[in-house]
Structures are given as structure tokens and as C-alpha cells.
Amino acid sequence: ITLRDLVNAIPLYAIKAGLLTVEKKGKKNIFSGRILEIEGLPDLKVEQAFELSDASAERSAAGCTVHLNKEPIIEYINSNITMLKWMIANGYQDMRSIKAMEAWLADPKLLKADADADYACVIEIDLADILEPIVACPNDPDDVKTLAEVAGSKIDEVFIGSCMTNIGHFRAASKLLENKRDIPVKLWMAPPTKMDAKQLSEEGHYGVLGSAGARMEMPGCSLCMGNQAQVKEGATVFSTSTRNFPNRLGKNSNVYLGSAELATICSKLGRIPSKEEYMADMGVLTAASSKVYQYLNFDKVEDYAEAAASVQ
């Protein structure tokens, strides 16, 4: 079970509690205009926390915070300082962000909720109860269902990309598509950054994905943006993008939203898998997880660290 399934568990549990409805007429939405405060996963990497908070826009929330321990934040800021110094070494001329980050690292303090804070509601999600993927169905990010409810649905195209993905998702896709040829769908892939794309290429993943039949897009938003490339008219799509509003990915398209791992398995089969098929493939990733789910810490990458060392 992935973090994206937790993203979709939030509306699912709200629906179960009577706090959210899918029907537009007389719609109930406890999240609308409010701030989501997510607690209970303090050791998430910042990239993972972003995946949770990014989806708050689809809830019509005004914003979102994720309570983390200092350690993953310090790790992320150290990486970003190196990346920004690398940019300065290559002609980017603004030190203000770096100075603010370095000042925080010297005295790292985090905001946290008041102990006696009063909330509009509290939704508790027991991760032990999530036994299968949860997906958003066409064409509404609030219309969430378990994998068992949508298994077998035919898929024409798959998109893996957007700010809801990170480098680990593309390594996972590469692992799942090893030795595959002529997959039965059109597979679009767009790493979120140029740095991710460079690293994935150096690690050989572009070759694996290209051999499987993936269309490697320019790093960035790609299909998720809605005004760049589009899927074939009327296509049924499984996507990792943030939202699946009507016609966003393509005219009259029907778009499911879910994890990169589930999207990749859909691309292999041309349909949404059964729980058993999904779990079998995820076993392959679990065995390789220490290599697959490594984030791009720039202060640990020689090219970036050497360039950053030249900037004071």
C-alpha cells in the first residue's frame, strides 16, 4: 500500500463519516475552505509529505500542514541548499533563500498545533485497515473506491508524472517493466524535474522504460497541465496526476487517479489489476525497496556537492 492510497483514503473515510458527498447537488464537503492538519506520520520524507499536502487542493481546502520531526526537514533543507548553490555556480544569482535556510538550520524550530486546538472535525485513519489500493474514479477526485471495486476496468493510456511523483516512482516503474516489450497501452512518463530525468537516465531507467514502449516526455507537468499534450479523445486513462476533472487530460477522457506503482501495473495489463495481481507485483518492489525508493539528496551527489562547495 502506497502513500497515494493514503491520499485517496482521506476522502474515502470522510465519505464513510458523512462529511463528504460525491453528488454535486447539495454537496457536503467538510474540507472546503479549511486547513488540513495531518499528524501521525512524523518520519515521512519531505517529498512524501508534499504528496499528502499537494492533494489538499482537490479537497477544496485552503491549505495543509503535515507534522514531521526535525530530522527529515533538516535532511531536505541541506539537500536544497546544495542544489541552490549548484544553481548559483551555474549562473543563478540569488542567495536570499539560502541564507534563510541556513539560519533555520542553526536554530531549527517547528510550528505545531496548540494542545487545546478546536477542530471542525477529526478524521482518524488506521493504516492497518487499508488492505488494498484506493483510486479516484472518472471524473471526480472525490469519487474514491477500493481496487476490488474497479478491478478489470479496461485502460487505454497511462500517465506517470506530475508533482505527485518523485524519482522513486520512476525507479519503481522501471523495475516493474524490466524485460517488457510492446505493452498494450500508450504510456506517458514525465519526471517532475530535469535533475530527476538526468539521474534516471544515468541509472539506465530511460533505456528500460523506452524498451517497454514508454513515451518519455519533457520533465515537468506534461499531461497534468491540461494545455500541453493530451490523450486520445474518449480514452480511459490511469494517471498519477493531481486531478481528473472532465476533459483535463483529453476530450471526453475518463481518468482514474492512483499511485505510480498501480499505474505501471495497469500499463502492463491494459486493465486495472485484481488485488492478487497487484500484490504479486508489489512483492518485487518490496524486495528492491532500499534501492528503488532513494530520494535525490543533492548534498550526497558528487556533481552538485562539488559545484556547491565553490559558493560561499
Check: residues 184-193 side-chain donor-acceptor pairs under 3.5 Å, at least two apart:
{"from": "Trp188", "atom 1": "NE1", "to": "Glu157", "atom 2": "OE1", "distance (Å)": "2.8"}
{"from": "Thr193", "atom 1": "OG1", "to": "Met195", "atom 2": "N", "distance (Å)": "3.4"}
{"from": "Thr193", "atom 1": "OG1", "to": "Asp196", "atom 2": "N", "distance (Å)": "3.0"}
{"from": "Thr193", "atom 1": "OG1", "to": "Asp196", "atom 2": "OD2", "distance (Å)": "3.1"}

Answer yes or no: does atom CD of Glu202 have more than 12 heavy-atom neighbours from other residues, nucleotides or ligands under 6.0 Å?
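Yes, CD of Glu202 has more than 12 neighbouring heavy atoms, counting only those of other groups under 6.0 Å.
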Counting only heavy atoms not in Arg96, do more than 12 fall under 6.0 Å of its CZ?
no
Please report the shortest heavy-atom distance between [X] and [Y], naming the atom on each side.
{"X": "Val158", "Y": "Ala263", "answer": "CG1-O, 3.5 Å"}
{"X": "Ala136", "Y": "Asn8", "answer": "N-ND2, 3.8 Å"}
{"X": "Ala288", "Y": "Lys175", "answer": "CB-CE, 4.1 Å"}
{"X": "Ile183", "Y": "Ala212", "answer": "CG1-O, 3.2 Å"}
{"X": "Ala9", "Y": "Ile130", "answer": "CB-CD1, 3.8 Å"}
{"X": "Asp299", "Y": "Ser79", "answer": "OD1-CA, 3.5 Å"}

Give the cluster check for [X] versus [Y]: same hydrophobic cluster or not, with ILVMFWY residues linked at side-chain heavy-atom distances below 4.5 Å.
{"X": "Met218", "Y": "Met216", "answer": "no"}
{"X": "Ile10", "Y": "Val122", "answer": "no"}
{"X": "Tyr76", "Y": "Ile74", "answer": "yes"}
{"X": "Leu41", "Y": "Ile123", "answer": "yes"}
{"X": "Val7", "Y": "Phe245", "answer": "no"}

Reported [atom1]-to-[atom2] distance for the pair [X] and [Y], which is rounded to 0.5 angstrom:
{"X": "Met282", "Y": "Glu277", "atom1": "CE", "atom2": "CD", "answer": "14.5 Å"}
{"X": "Asn166", "Y": "Leu296", "atom1": "CG", "atom2": "CG", "answer": "10.0 Å"}
{"X": "Cys266", "Y": "Ile272", "atom1": "SG", "atom2": "CD1", "answer": "5.0 Å"}
{"X": "Tyr13", "Y": "Leu19", "atom1": "OH", "atom2": "CG", "answer": "14.0 Å"}
{"X": "Asp54", "Y": "Glu47", "atom1": "CG", "atom2": "CD", "answer": "13.0 Å"}
{"X": "Arg271", "Y": "Asp156", "atom1": "CZ", "atom2": "CG", "answer": "14.0 Å"}

Under the side chain to side chain donor-acceptor pair (under 3.5 Å) definition, can you give me all pairs with a residue in [range], not counting sequence neighbours?
{"range": "residues 233-245", "result": "Glu58-Arg243, Glu233-Asn252, Ser239-Ser241"}
{"range": "residues 117-128", "result": "Glu37-Tyr119"}
{"range": "residues 258-269", "result": "Glu261-Tyr293, Lys268-Asp281"}

Taking only distance into account, with no hydrogens and no angle test, what donor-acceptor pairs under 3.5 Å do side-chain atoms of residues 24-36 form with protein atoms, sequence neighbours excluded?
{"from": "Lys24", "atom 1": "NZ", "to": "Asp140", "atom 2": "OD2", "distance (Å)": "2.5"}
{"from": "Lys27", "atom 1": "NZ", "to": "Thr21", "atom 2": "O", "distance (Å)": "2.4"}
{"from": "Lys27", "atom 1": "NZ", "to": "Asp142", "atom 2": "OD2", "distance (Å)": "3.0"}
{"from": "Lys28", "atom 1": "NZ", "to": "Gly18", "atom 2": "O", "distance (Å)": "3.2"}
{"from": "Asn29", "atom 1": "OD1", "to": "Phe31", "atom 2": "N", "distance (Å)": "3.0"}
{"from": "Asn29", "atom 1": "ND2", "to": "Arg59", "atom 2": "O", "distance (Å)": "3.0"}
{"from": "Arg34", "atom 1": "NH1", "to": "Ile30", "atom 2": "O", "distance (Å)": "2.9"}

Test your reading of the model: is there a side-chain donor-acceptor pair from [X] to the backbone of [Y], 3.5 Å cut-off?
{"X": "Ser253", "Y": "Val255", "value": "no"}
{"X": "Arg4", "Y": "Ala260", "value": "no"}
{"X": "Ser211", "Y": "Gly207", "value": "yes"}

Is the shortest heavy-atom distance from the side chain of [X] to the side chain of [Y] under 4.5 Å?
{"X": "Leu177", "Y": "Ser174", "value": "no"}
{"X": "Asp303", "Y": "Lys198", "value": "yes"}
{"X": "Ile1", "Y": "Leu131", "value": "no"}
{"X": "Ser97", "Y": "Leu84", "value": "yes"}
{"X": "Trp104", "Y": "Ile77", "value": "yes"}
{"X": "Val135", "Y": "Leu257", "value": "no"}
{"X": "Leu3", "Y": "Leu52", "value": "yes"}
{"X": "Pro273", "Y": "Leu262", "value": "yes"}

Counterpart residues, side chain to side chain contact (heavy atoms under 4.5 Å, CB included), relative to Pro246 (two or more places apart):
Asn139
Take the angle between the ring planes of Phe298 and Tyr304 and call it parallel below 30°, perpendicular above 60°, tilted in between.
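Plane angle over 60°, so perpendicular.
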side-chain contact (heavy atoms from CB on, under 4.5 Å), that's the test. Do Ile155 and Val237 meet it? Break it down for me.
CA-CA 6 Å; Ile155 299 297; Val237 185; 5.9 Å; no
Start with the C-alpha distance between Ile167 and Leu200, add both sets of side-chain angles, then the distance that settles side-chain contact (heavy atoms from CB on, under 4.5 Å), and finish with yes or no.
CA-CA 8 Å; Ile167 193 169; Leu200 289 166; 3.7 Å; yes
Using the ring of Tyr278 (Phe, Tyr or Trp, six-membered ring only), decide whether Lys275 places NZ or CZ under 6.0 Å from its centre and within 45 degrees of its axis.
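No - Lys275 does not lie over the ring of Tyr278 by the 6.0 Å and 45° rule.
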Just by distance, no angles: are the side chains of Tyr295 and Glu75 close enough, under 3.5 Å, to form a donor-acceptor pair?
no
NZ/NE/NH1/NH2 to OD/OE distance under 4.0 Å, [X] and [Y]:
{"X": "Glu178", "Y": "Lys180", "value": "no"}
{"X": "Arg171", "Y": "Glu203", "value": "yes"}
{"X": "Glu71", "Y": "Lys45", "value": "no"}

Against Val311, only a single residue in Ile88, Thr82, Ile81 fulfils side-chain contact (heavy atoms from CB on, under 4.5 Å); can you say which?
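Only match with Val311 under side-chain contact (heavy atoms from CB on, under 4.5 Å): Ile88.
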